[in-house]
**Q** 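Here it is, the structure in full.
Quick caveat: nothing in here was measured; it's all calculated off a predicted structure. FYI, the numbering just counts along the sequence from 1.
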Amino acid sequence: GNIGKSSVEISQNGGKDWYTSPKLTLRYYRTFTVSSVNPNFGSVYGGTLITVTGTMFPVDVIDTYADNAPVCVFDTHGEAPAVVINSTSLQCRSPELSSDTLVPSSGRSQLHVVPRGVLESFGGSISHILSSAFSANAFARFQFLPAPRLSSVFPLIAHLSQQTVVNVVGEFFPDVESYESSPLTRQ
C-alpha cells in the first residue's frame, strides 16, 4: 500500500534557485510478496477465481480503484482488481486472453500483485515495470488453459437409486496430477 510521498525540486546552484514548477511528487509504495496462487491454472476465457497467498497486502483498502489497492497483473495478458481478505490473502479473477495471444506458449504467465498507483503512474510497458521494479519473490505462476470441449457423454439416462459410471469424452481436460493445487478430483 501507499506508505508515503515526498516532493522533489531541482536546483542547479545549491538551493538558491529552484527550477521545478510545479513540484514533482514521488510516491512510495509497499512491495507485496506472492508465495502461491490457488488454483494455478484457469480457462483462456477468464473468470477463474484465484486466491493469492503472500505478505503485506493492505487490509485497510476499501476502494479497489484507490492508489494503494492491490491489482493482480498477469504479465502482459491483463490485470484484475483484487479484494483483500487479510494481510496474507487476497482474491482476483483471471482476465480473458485476447485472441491474438492464443498460442500454446502464451498461456504461461507470472501473476504479480502491485499497487494500482504504480500501474497508473508508471507510463511504461507492463512487462518493463514488472521485470525492473519487482523482485523474484513478487510473483507466482499461473497458466491459461484451453476450455474443455465435450464431444459425448454416455449414458444419457441413469437410475437415481443406482450408481452409474458416466463416460465423458472430449479434449482439453486438465491433467489434474500435473497441478498440485488443483481443486479438481478424478474418480
Side-chain angles (χ1 to χ4, degrees), residues 1-5 26-148 172 174-184:
N2 189 349
I3 57 172
K5 61 183 176 179
L26 293 178
R27 291 186 180 159
Y28 301 91
Y29 291 93
R30 182 173 280 120
T31 302
F32 310 129
T33 61
V34 175
S35 54
S36 67
V37 295
N38 186 15
N40 61 359
F41 64 93
S43 168
V44 295
Y45 296 112
T48 302
L49 182 62
I50 301 165
T51 300
V52 180
T53 304
T55 61
M56 300 176 63
F57 300 142
V59 295
D60 58 342
V61 174
I62 298 170
D63 179 7
T64 58
Y65 292 95
D67 269 0
N68 63 336
V71 176
C72 292
V73 179
F74 298 78
D75 283 336
T76 57
H77 299 306
E79 62 185 60
V83 175
V84 177
I85 307 302
N86 57 47
S87 65
T88 61
S89 181
L90 59 80
Q91 291 183 320
C92 58
R93 291 199 179 270
S94 63
E96 180 177 4
L97 290 189
S98 64
S99 59
D100 61 338
T101 61
L102 294 179
V103 295
S105 64
S106 71
R108 295 182 187 96
S109 182
Q110 292 180 350
L111 189 154
H112 298 262
V113 178
V114 299
R116 178 167 298 285
V118 171
L119 291 180
E120 292 177 353
S121 62
F122 180 68
S125 73
I126 295 292
S127 58
H128 182 264
I129 188 174
L130 294 178
S131 65
S132 64
F134 295 92
S135 64
N137 63 347
F139 72 88
R141 302 224 181 266
F142 183 83
Q143 182 156 5
F144 290 93
L145 300 174
F172 303 125
D175 180 7
V176 225
E177 281 126 22
S178 65
Y179 299 99
E180 289 179 35
S181 61
S182 170
L184 301 174

**Q** Would a 4.5 Å heavy-atom cut-off, applied to side chains only, mark V84 and P70 as touching?
**A** yes

**Q** Can you tell me which residue pairs pass the side-chain hydrogen bond (donor to acceptor under 3.5 Å, both in side chains) test with a partner in residues 49-61, sequence neighbours excluded?
**A** T33-T55, T51-Q91

**Q** Under a 4.5 Å cut-off applied to non-hydrogen side-chain atoms, are S94 and F144 in contact?
**A** yes

**Q** Just how far is it from atom NE2 of H77 to atom CD of Q110, taken to the nearest 0.5 Å?
**A** 10.0 Å

**Q** For the atom pair CG (L111) and OG (S36), what is the distance rounded to the nearest 0.5 Å?
**A** 10.5 Å

**Q** To the closest 0.5 Å, what do you measure between CZ (F74) and OG (S109)?
**A** 6.5 Å

**Q** For P146 versus V44, what's the shortest heavy-atom pair and its separation?
**A** N-CG1, 4.1 Å

**Q** Does F142 reach the side chain of D75, with side-chain heavy atoms less than 4.5 Å apart?
**A** no

**Q** First locate atom CD1 of I50, then atom CZ of F41, and finally report the distance between them rounded to the nearest 0.5 Å.
**A** 11.0 Å

**Q** Taking all heavy atoms of V37 and all of A140, pick out the closest pair and write down the distance.
**A** CG1-CB, 3.9 Å

**Q** Does the side-chain contact (heavy atoms from CB on, under 4.5 Å) test come out yes or no for Q143 and R141, once each step is laid out?
**A** CA-CA 7 Å; Q143 182 156 5; R141 302 224 181 266; over 6 Å; no

**Q** Measuring from L90:CG to F57:CZ, what's the distance to the nearest 0.5 Å?
**A** 4.0 Å

**Q** Restricting to side chain to side chain contact (heavy atoms under 4.5 Å, CB included), what partner residues turn up for P81, sequence neighbours left out?
**A** T64, Y65, R116

**Q** Can you pull out every disulfide bond (SG atoms under 2.5 Å apart) where at least one residue sits in residues 29-85? Sequence neighbours excluded, please.
**A** C72-C92

**Q** What distance separates F32 CZ from M56 CE, expressed to the nearest 0.5 Å?
**A** 8.0 Å

**Q** State, yes or no, whether a side-chain contact exists between V113 and V52 at a heavy-atom distance under 4.5 Å.
**A** yes

